[in-house]
Amino acid sequence: GGDVRAVRQAAIEGNRAPVEAFFTEEYAVNEGIALFGKPWVSIIDGICMGGGIGLAIHNGPRVVSEHALLAMPETAIALFPDVGTSHILPRLPGALGTWLALTGARLNGADAVHAGLATHYVPREKLAALRAALVETGDAAVVDRFAEAPPAASFAPHRALIDRAFSQPSVLDIIRALEADGGEWAMSQVKVLRRMSPTSLCVSLELLKRGAALDLRGCLDEELHLTRVVVHDHPDFREGVRSVLVDKDGNPSWTPATLEEVDHAAIRAMFR
């Protein structure tokens with residue numbers, strides 16, 4: 001969170017240069033990992049969110065343990081899924097990517113494998129031996145020797161609803177589909193969505209729609225453009241970071257305050 005607080009402070013001061021440098025460098029690292037000529041083995045045994053996803057997702061085996069926790073929680077701070085995930089999330093099965101992007105849902109290790117964010121499930125007790133084998137052989141394929149079948153996904157009972165609701169064309173349509181279901185889990189998702197920045201939700205959904213048709217380079221270019229608009233030209237990012245990471249009061253004041261008030265022409269104008 002320290003980097004995000006620094007970005008917010010630079011935006012408050014009207015200082016664009018460090019913000020541009022931060023995101024430009026971060027996204028260059030993401031692309032560099034994707035283009036790297038050797039397997040890039042990620043071993044995730046704890047929290048991996050936001051920028052951490054960007055370091056793990058673009059290359060090589062992605063190993064998770066039972067202690068892994070993965071999420072893209074950007075809508076809570078009025079940003080959007082970045083670090084190249086606008087390329088990854090639309091390509092996950094069904095509407096899982098949209099669900100993860102909009103709600104910031106947290107996946108355990110098994111969930112991450114079932115969702116396609118991770119490739120191998122290895123219990124923590126085997127990770128030391130896995131690392132030793134990787135060092136000894138230099139061969140990423142040894143991961144297969146340590147992997148186990150993951151437990152069932154925690155979201156499995158809701159998978160049909162996720163695909164049905166989160167494939168709707170707008171955020172309000174997603175909410176209507178969840179409300180039409182009316183179940184406890186569906187209404188919990190409505191509550192989560194209503195807490196997020198309305199602008200951020202609409203930007204994120206539009207970004208994923210565009211990302212579905214772009215390569216990674218195109219997605220990173222679109223994300224970099226959006227950071228300039230979202231960080232500097234719209235108040236919600238500064239307010240979201242204040243609420244979550246600075247004052248930590250969990251009581252953001254969004255502009256506009258509701259999804260019903262969002263100007264969708266203004267949302268489209270934020271893109272390249």
Side-chain angles (χ1 to χ4, degrees), residues 44 46-50 53 64-81 85 88-118 121 149-209 236 239-240 243-245 248-254 256-262 264:
I44 303 170
I47 295 172
C48 181
M49 295 185 181
I53 298 284
V64 289
S65 76
E66 71 275 25
H67 295 280
L69 184 67
L70 286 74
M72 288 300 293
E74 281 71 21
T75 53
I77 58 169
L79 197 59
F80 49 84
T85 62
I88 299 296
L89 292 170
R91 290 164 173 81
L92 298 184
L96 287 175
T98 303
W99 170 57
L100 296 173
L102 299 187
T103 66
R106 299 182 176 194
L107 302 182
N108 62 37
D111 292 340
V113 174
H114 289 293
L117 289 178
Y121 182 82
S154 65
F155 58 77
H158 315 297
R159 178 61 195 281
L161 175 58
I162 289 171
D163 288 349
R164 183 169 70 252
F166 285 86
S167 61
Q168 297 300 313
S170 74
V171 181
L172 279 175
D173 286 328
I174 290 171
I175 287 176
R176 292 186 189 106
L178 291 167
E179 290 175 337
D181 177 272
E184 181 179 352
W185 188 85
M187 298 312 295
S188 73
Q189 301 306 292
V190 172
K191 186 176 180 180
V192 168
L193 290 170
R194 288 293 190 183
R195 276 203 314 267
M196 303 302 186
S197 159
T199 296
S200 177
L201 290 174
C202 294
V203 166
S204 297
L205 183 58
E206 179 66 21
L207 177 61
L208 263 58
K209 290 178 180 178
D236 274 10
E239 175 63 6
S243 170
V244 174
L245 295 172
K248 301 182 181 181
D249 59 13
N251 188 31
S253 179
W254 303 127
T258 67
L259 281 161
E260 286 77 4
E261 298 172 85
V262 171
H264 291 280

What pairs of donor and acceptor atoms, side-chain ones from residues 66-81 against any protein atom, are under 3.5 angstrom apart with sequence neighbours left out?
unit_1	atom_1	unit_2	atom_2	d
E66	OE1	R124	N	2.9
T75	OG1	L102	O	3.0

Could you tabulate the donor-acceptor pairs under 3.5 Å formed by side-chain atoms of residues 201-208, not counting sequence neighbours?
unit_1	atom_1	unit_2	atom_2	d
S204	OG	S200	O	2.8
E206	OE2	R210	NE	2.8
E206	OE2	R210	NH2	3.3

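Using a 4.5 Å cut-off on side-chain heavy atoms (C-beta onward), I175 and R194 make contact. Using a 4.5 Å heavy-atom threshold, the side chains of L100 and L117 count as touching.
Here the closest non-hydrogen pair linking S243 and P252 is OG-CD, 3.3 Å. Minimum interatomic distance between E239 and N251 (heavy atoms only, all atoms of both residues): OE2-O, 4.1 Å. P198 and A257 make their closest contact through CG-O, 3.6 Å (heavy atoms, listed as atom of the first residue, atom of the second, distance). Contact detail for G94 and D163: the closest heavy-atom pair is CA-OD1, 3.5 Å. Across every non-hydrogen atom of L89 and A101, the tightest pair is CD1-CB, 3.9 Å. Residues S188 and W185 approach most closely at OG-O, 2.6 Å, considering heavy atoms.
Under the side-chain contact (heavy atoms from CB on, under 4.5 Å) criterion, P256 pairs with T199, E261, V262, sequence neighbours left out. By the salt bridge (Lys or Arg N to Asp or Glu O under 4.0 Å) test, R195 is found to be paired with no residue, residues two or more places apart in sequence or in another chain being considered.
Of the inter-residue distances, the one linking I174 atom CD1 with T98 atom OG1 reads 6.5 Å to the nearest 0.5 angstrom. Atoms CE and OG1, on M196 and T103 in that order, are 6.5 Å from each other to the nearest 0.5 Å. Going from atom CG of L178 over to atom CG of L161 covers 5.5 Å, rounded to the nearest 0.5 Å. Note that the SG atom of C48 and the CD1 atom of I53 stand 4.0 Å from one another [nearest 0.5 Å]. Rounded to the nearest 0.5 Å, atoms NE2 (H114) and OH (Y121) are 9.5 Å apart.
Pairs passing the salt bridge (Lys or Arg N to Asp or Glu O under 4.0 Å) check and including a residue from residues 180-193, sequence neighbours excluded, read R164-D181. Screening residues 90-116 for salt bridge (Lys or Arg N to Asp or Glu O under 4.0 Å) gives no qualifying pairs among residues at least two apart or on separate chains.
Ring pair W99/F166 is perpendicular by interplanar angle, where above 60° counts as perpendicular and below 30° as parallel.
Using a 4.0 Å cut-off between charged nitrogen and carboxylate oxygen, R176 and E260 do not count as a salt-bridge pair.
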